[in-house]
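These notes are about the structure you will find just below.
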Amino acid sequence: VDAKILPEKPAADAPAQPDYDQVRRCIEWLRKHAVTTEGLFRVSGSAQDNLNFAAKLVAHKLDIEAYGPDKLSPHTVTTGLKVYLREKTL
């Protein structure tokens, strides 16, 4: 997934749009740390980690750059990102 395909800013009148900067940072983190991970968007991370990660994304309190692949599972990032986008686009 190319982060450049996301619009720079969502439309001003668009309700419940995702924070594209957060989405872009997650995609860049995945490109840097997990591009060769098998089953990246198919395998889920641990349930508790997924909930914590998605909650931080929704609250705009995630500094993903502070985590390396030894501290954060790429599967947690992809699962949290899918949950976040699903919630923000319903």
Side-chain angles (χ1 to χ4, degrees):
V1 173
D2 188 358
K4 293 177 184 158
I5 64 172
L6 296 173
E8 287 301 314
K9 292 184 181 179
D13 61 342
Q17 287 291 319
D19 178 343
Y20 289 103
D21 288 331
Q22 284 197 112
V23 172
R24 187 174 286 111
R25 285 193 300 270
C26 287
I27 292 170
E28 289 301 322
W29 188 93
L30 291 167
R31 291 173 96 185
K32 181 178 180 182
H33 298 292
V35 75
T36 61
T37 302
E38 187 174 337
L40 188 57
F41 282 92
R42 183 179 47 82
V43 177
S44 180
S46 79
Q48 187 62 45
D49 290 345
N50 293 343
L51 288 174
N52 291 338
F53 187 84
K56 288 180 182 179
L57 270 174
V58 169
H60 304 283
K61 296 184 184 227
L62 178 69
D63 180 16
I64 194 160
E65 289 87 8
Y67 297 96
D70 57 328
K71 304 262 187 210
L72 185 61
S73 165
H75 300 294
T76 298
V77 176
T78 56
T79 302
L81 190 56
K82 289 188 292 187
V83 168
Y84 175 73
L85 290 171
R86 191 175 306 124
E87 292 294 319
K88 288 295 187 176
T89 55
L90 289 179

N/O donor-acceptor pair under 3.5 Å between Thr76 side chain and Gly45 backbone: no

Closest approach of Leu81 to Phe53 (non-hydrogen atoms, all atoms of both residues): N-CE2, 4.2 Å

Heavy-atom neighbours of Lys32 NZ exceed 12 at 6.0 Å: no

Residue pair Leu30 / Pro74: nearest heavy atoms and the distance that separates them: CD2-O, 3.9 Å

Inter-residue atom distance Arg25.CZ - Ile27.CD1, 0.5 Å rounding: 11.5 Å

Val83 with Tyr20, same ILVMFWY side-chain cluster at under 4.5 Å: no

Worked verdict on Ser44 versus Asn50 for side-chain hydrogen bond (donor to acceptor under 3.5 Å, both in side chains): CA-CA 8 Å; Ser44 180; Asn50 293 343; 3.0 Å; yes

Transitive ILVMFWY side-chain link Val77 to Val43, under 4.5 Å: no

Ring pair (Phe, Tyr, Trp, His ring centres under 6.0 Å) partners of His75, counting only residues at least two apart: none

Partner set under side chain to side chain donor-acceptor pair (under 3.5 Å) for Thr37, not counting sequence neighbours: none

Check ion pair Glu28-Arg31 (N to O, under 4.0 angstrom): yes

Listed pairs under 3.5 Å, donor-acceptor, residues 59-67 side chains, sequence neighbours left out:
{"residue": "His60", "atom": "ND1", "partner": "Asp19", "partner atom": "OD2", "Å": "3.2"}
{"residue": "His60", "atom": "ND1", "partner": "Gln22", "partner atom": "NE2", "Å": "3.0"}
{"residue": "Tyr67", "atom": "OH", "partner": "Lys56", "partner atom": "NZ", "Å": "3.2"}

